[in-house]
Amino acid sequence: MCFDAEVTLKGRVLIIEDEKSLALACRSILEEHGHHVQHCLKGREGLSLLQQDDFDVLLLDLRLGDMDGMQILEEAGRMNHSAYIIIMTAYSTVPNALEAMKLGAFDYLTKPFTDDQLILCVRRAVEKKRLVQENARLKRELVDRYAFSNIVGENPKILEVF
């Protein structure tokens with residue numbers, strides 16, 4: 001299957017990062033590549049935005065001023081949101097990465113990361129989300145197409161079966 005990078009790349013991204021310069025840099029890089037980006041510096045504000053809007057990707061710092069990123073990850077899981085979460089941290093450890101993945105993180109970026117690493121990671125998350133959505137849509141279409149209500153028949157025995 002071939003993907004048009006311009007179509008699959010563009011996504012809605014929320015950045016929750018308390019280091020303003022990094023948040024703005026990530027926002028700038030992602031906007032240059034066609035994404036629609038919002039950012040906030042506080043975890044609680046980010047959770048509120050996540051509840052109010054539909055994002056494709058959440059870039060989440062693990063250490064925030066007002067709350068821990070793992071708490072946000074857990075809360076996001078309870079919200080049943082549809083954003084794919086990418087953890088960003090300067091304090092990368094295997095146990096942290098494993099815990100984040102158990103809680104539903106899609107990927108893990110260790111700071112400092114390059115522009116290319118960021119772009120690739122976000123692109124993969126957006127493409128994965130689009131593929132999952134397309135798969136669900138196609139399944140719904142199949143169920144609708146082959147439902148009993150679509151069977152045509154006038155024979156009394158067939159009508160009795162329906």
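This is a predicted model, so every value here is computed, not measured. Count residues from 1 along the sequence.
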Side chains of [X] and [Y], heavy atoms from C-beta outward: is any pair under 4.5 Å?
{"X": "Glu19", "Y": "Asp61", "result": "no"}
{"X": "Leu50", "Y": "Glu75", "result": "no"}
{"X": "Val57", "Y": "His35", "result": "no"}
{"X": "Lys10", "Y": "Val126", "result": "no"}

**OP:** Please name the residue in the list Leu30, Ile85, Asp107, Leu22 that meets the side-chain contact (heavy atoms from CB on, under 4.5 Å) test with Leu59.
**Re:**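 Answer after filtering Leu30, Ile85, Asp107, Leu22: Leu30.
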Original post:
Which of these passes side-chain contact (heavy atoms from CB on, under 4.5 Å) with Ile87: Thr110, Leu73, Leu109?
Top reply: Leu73
Is there a continuous path of hydrophobic side-chain contacts, each under 4.5 Å between heavy atoms, that joins [X] to [Y]?
{"X": "Met79", "Y": "Leu14", "value": "yes"}
{"X": "Ile15", "Y": "Leu64", "value": "no"}
{"X": "Met101", "Y": "Leu62", "value": "yes"}
{"X": "Val132", "Y": "Phe106", "value": "yes"}
{"X": "Leu118", "Y": "Val37", "value": "yes"}

Subject >> side chain to side chain contact (heavy atoms under 4.5 Å, CB included) assessment of Gln133 paired with Lys129 >> reply: CA-CA 6 Å; Gln133 288 174 331; Lys129 182 175 181 186; 3.3 Å; yes
**OP:** Provide the full list of salt bridge (charged side-chain N to carboxylate O under 4.0 Å, His left out) pairs with a residue in residues 30-50, sequence neighbours left out, each pair given once.
**Re:** Arg27-Glu31
Original post:
Mind checking what makes ring pair (Phe, Tyr, Trp, His ring centres under 6.0 Å) contact with Phe55, not counting sequence neighbours?
Top reply: none
Original post:
Thinking salt bridges, do Arg130 and Glu127 make one under a 4.0 Å N-O criterion?
Top reply: no
Can you measure from [atom1] ([X]) to [atom2] ([Y]) and round to the nearest 0.5 angstrom?
{"X": "Leu58", "Y": "His81", "atom1": "CG", "atom2": "NE2", "result": "7.0 Å"}
{"X": "Arg124", "Y": "Ile119", "atom1": "CZ", "atom2": "CD1", "result": "14.0 Å"}
{"X": "Leu103", "Y": "Arg78", "atom1": "CG", "atom2": "CZ", "result": "9.5 Å"}
{"X": "His36", "Y": "Asp53", "atom1": "NE2", "atom2": "CG", "result": "11.5 Å"}
{"X": "Cys121", "Y": "Asp116", "atom1": "SG", "atom2": "CG", "result": "12.5 Å"}
{"X": "Ile16", "Y": "Leu60", "atom1": "CD1", "atom2": "CG", "result": "5.5 Å"}

Where [X] and [Y] come nearest, the two heavy atoms and their spacing:
{"X": "Tyr108", "Y": "Tyr91", "result": "OH-O, 4.3 Å"}
{"X": "Ala100", "Y": "Met70", "result": "N-CE, 3.7 Å"}
{"X": "Asp54", "Y": "Ser82", "result": "OD1-OG, 2.7 Å"}
{"X": "His39", "Y": "Leu24", "result": "CE1-CD2, 3.4 Å"}
{"X": "Glu17", "Y": "Leu41", "result": "O-CD2, 3.1 Å"}

Subject >> Sequence-distant partners of Asp68, side-chain hydrogen bond (donor to acceptor under 3.5 Å, both in side chains), two or more places apart >> reply: none
